[in-house]
Colleague: 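Got a structure for you, written out below as C-alpha cells; questions coming shortly.
Treat the numbers as computed from the prediction; the structure is a model and nothing was measured.
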Amino acid sequence: MINIERGEVLYNDGTHKFIWLGWPEKEVEGIVQTNEYLIINNDEGVLLDPGGVSVFSQVAENVSRWISVDKIKYIFYTHQDPDVSSGIALWLNLCPAQVYISKLWVRFLPHFGIFDISRVVPIDDNGGRIQFSSGDYLEIIPAHFLHSPGNFQIYDPRSKILFSGDLGAAAFKDKQYPIVEDFESHVELMEGFHRRYIASNAAIKKWLSIVRKYDIEAIAPQHGAIIKGKQMVEKFFDWLEGIKCGVDILDEIYGVR
C-alpha cells in the first residue's frame, strides 16, 4: 500500500534510490497539485523540482526521512514556473546544494530572492549531465517549449525513470492516485493541460525523436500520476504524437474571427 503522505520508493537497488516524495494529507484549495522527487546515490541526494514556498515544509520533512538535508548535493529545476522553483531561497538556506536550471532563467532568480548565483549552474540548450561521486550520473535532456522555452528533463540510467516535468501532467478531479492504472481514463485528465500549455505538436515530435532512444521503465511527471511500465510509456508516447496543442489550435483558442 502506497503511503500518499510520505511517498514511495520507485526504485531501490541498495545503493541508488528514486523516491516520490508524496502529497500533503490535505491539498490547499486553489493551489496546483505538484510532485517532488528525490534521487539518492550512495550518500548524495538530488532534488527534482522541489516546488514552491507553499509545499516547502512538507517536502523538507519527507526528504529528511530518507537523507540528511546537508547531503543534498544538487537541485534540478525543469523550468522557471513558481510551482517548480519559488522555494529556491528556502532550499539554498537549508542545504549546500548547487542548482541546475536553464541558462535562460538565471536572470529571473533574483525575483525569488536569489542574488548570489555562485551556486547556480546554467544549463546549455543541448543539456548535459549531473555527476555523482560514484561515477554514476543523471542525464539532462532538452525538452524546449514543453512548455517553457528553456525546459529540461532528467533521465536516470540506473532506475530507467524519466522525470518529465510538465509533460504527462494531469489535473485530478474527484480522486487523486499516484500511479496510472487505466491509461485511457487518465488521458481525460492530461488532455486539457497538454492542449493549452504545450507549444506545438512539432515540439513534441522533436522531443519524441530524442527520448524514444532511451530505455524507459517509467515516466515521473511534476503533476498528476506516474506512468509506470514500458507498455504504459509507449501508450503515452503514441498519445502525445497525435495531439494538437498550442499554436496548432490557435483558431480554437481565439475563436474563429
Side-chain angles (χ1 to χ4, degrees), residues 8 10-11 18 20 32-37 39 48-49 76-79 81 84 102 123 125-130 137-173 176-249 252:
E8 178 78 1
L10 303 178
Y11 176 85
F18 195 116
W20 169 64
V32 175
Q33 173 269 332
T34 58
N35 296 319
E36 293 79 30
Y37 301 92
I39 296 174
L48 308 180
D49 280 1
F76 170 81
Y77 290 112
T78 53
H79 61 299
D81 278 357
V84 171
S102 167
I123 307 172
D125 283 342
N126 61 350
R129 287 184 173 182
I130 295 175
Y137 64 90
L138 304 174
E139 188 158 355
I140 303 173
I141 297 177
H144 302 307
F145 301 102
L146 303 175
H147 62 99
S148 170
N151 200 76
F152 293 95
Q153 300 169 345
I154 284 285
Y155 176 69
D156 177 8
R158 285 278 291 270
S159 68
K160 300 181 181 178
I161 296 174
L162 175 69
F163 170 58
S164 61
D166 278 336
L167 266 191
F172 290 120
K173 294 179 181 177
Q176 294 188 175
Y177 48 87
I179 306 292
V180 176
E181 300 290 346
D182 181 342
F183 183 80
E184 285 66 31
S185 296
H186 192 67
V187 164
E188 297 177 14
L189 306 181
M190 295 191 293
E191 190 165 18
F193 175 88
H194 286 75
R195 280 171 58 80
R196 188 59 193 261
Y197 284 85
I198 303 303
S200 71
N201 184 259
I204 287 174
K205 285 180 176 173
K206 176 63 179 177
W207 173 80
L208 283 170
S209 72
I210 297 170
V211 297
R212 276 187 155 147
K213 297 173 184 176
Y214 290 83
D215 184 8
I216 299 172
E217 295 279 358
I219 292 176
Q222 202 241 340
H223 308 279
I226 296 158
I227 300 168
K228 198 171 182 181
K230 288 189 176 182
Q231 187 176 13
M232 282 282 195
V233 169
E234 198 54 42
K235 282 185 178 182
F236 176 64
F237 288 164
D238 289 343
W239 173 73
L240 274 179
E241 192 167 26
I243 195 171
K244 291 184 178 180
C245 53
V247 297
D248 307 323
I249 57 170
E252 178 183 328

Colleague: Can you name the ring-ring contact (aromatic ring centres under 6.0 Å, His included) partners of Phe193, sequence neighbours left out?
Modeller: Tyr197
Colleague: Run the side-chain contact (heavy atoms from CB on, under 4.5 Å) test against Asn126 and tell me which residues pass, sequence neighbours left out.
Modeller: Asp124
Colleague: Does some side-chain heavy atom of Phe145 sit less than 4.5 Å from a side-chain heavy atom of Ser200?
Modeller: no
Colleague: Please set out all donor-acceptor pairs under 3.5 angstrom arising from side-chain atoms of residues 236-244, sequence neighbours excluded.
Modeller:
| unit_1 | atom_1 | unit_2 | atom_2 | d |
| --- | --- | --- | --- | --- |
| Asp238 | OD1 | Arg212 | NH2 | 2.8 |
| Glu241 | OE1 | Arg212 | NH1 | 3.4 |

Colleague: Report yes if the side chains of Glu36 and Leu48 come closer than 4.5 Å at any heavy-atom pair, otherwise no.
Modeller: no
Colleague: Would you say the side chains of His79 and Asp49 form a donor-acceptor pair under 3.5 Å?
Modeller: no
Colleague: Might you work through the ring pair (Phe, Tyr, Trp, His ring centres under 6.0 Å) test for Tyr177 and Phe172, ending with a clear yes or no?
Modeller: CA-CA 9 Å; Tyr177 48 87; Phe172 290 120; 5.1 Å; yes
Colleague: Check the pair His147, Asp81 against side-chain hydrogen bond (donor to acceptor under 3.5 Å, both in side chains), reporting the backbone distance first and the verdict last.
Modeller: CA-CA 10 Å; His147 62 99; Asp81 278 357; 3.1 Å; yes
Colleague: With Glu181, which residues qualify under salt bridge (charged side-chain N to carboxylate O under 4.0 Å, His left out), at least two apart?
Modeller: none
Colleague: For Glu139, check side-chain hydrogen bond (donor to acceptor under 3.5 Å, both in side chains) against everything at least two apart and list the hits.
Modeller: Tyr214
Colleague: Side-chain polar contacts of residues 202-211 - donor-acceptor pairs under 3.5 angstrom, sequence neighbours left out - could you list them?
Modeller:
| unit_1 | atom_1 | unit_2 | atom_2 | d |
| --- | --- | --- | --- | --- |
| Lys205 | NZ | Asn201 | OD1 | 3.3 |
| Trp207 | NE1 | Gln153 | OE1 | 2.7 |
| Ser209 | OG | Lys206 | O | 2.5 |

Colleague: Sub-3.5 Å donor-acceptor pair from the side chain of Asp166 to the main-chain atoms of Ala169, do we have one?
Modeller: no
Colleague: Quick one: ring-ring contact (aromatic ring centres under 6.0 Å, His included) partners of Tyr77, sequence neighbours excluded?
Modeller: none
Colleague: Could you list the residues that satisfy side-chain hydrogen bond (donor to acceptor under 3.5 Å, both in side chains) with Asn151, not counting sequence neighbours?
Modeller: none
Colleague: Among side-chain atoms of His223 and Asn35, is any donor-acceptor pair under 3.5 angstrom?
Modeller: no
Colleague: Between Ile39 and Asp156, is any pair of side-chain heavy atoms under 4.5 Å apart?
Modeller: yes
Colleague: Without swapping roles, check the side chain of His194 against the backbone of Met190 for a donor-acceptor pair under 3.5 Å.
Modeller: yes
Colleague: Who pairs with Lys160 by side-chain hydrogen bond (donor to acceptor under 3.5 Å, both in side chains), at least two apart in sequence or on another chain?
Modeller: Asp215
Colleague: Would a 4.5 Å heavy-atom cut-off, applied to side chains only, mark Phe152 and Ile140 as touching?
Modeller: yes
Colleague: Lys228: what forms a salt bridge (charged side-chain N to carboxylate O under 4.0 Å, His left out) with it, not counting sequence neighbours?
Modeller: none
Colleague: Can you check whether Ile179 reaches Ile227 side chain to side chain, under 4.5 Å on heavy atoms?
Modeller: no
Colleague: So, does Tyr155 use its side chain to make a donor-acceptor pair with the main chain of Phe163 at under 3.5 Å?
Modeller: no
Colleague: Using side-chain hydrogen bond (donor to acceptor under 3.5 Å, both in side chains) as the criterion, list what pairs up with His144, not counting sequence neighbours.
Modeller: none
Colleague: With side chains defined as the heavy atoms from C-beta onward, is the minimum distance between Ile219 and Ile226 less than 4.5 Å?
Modeller: no
Colleague: Going by the salt bridge (charged side-chain N to carboxylate O under 4.0 Å, His left out) test, which pairs reach into residues 187-196, not counting sequence neighbours?
Modeller: Arg195-Glu252
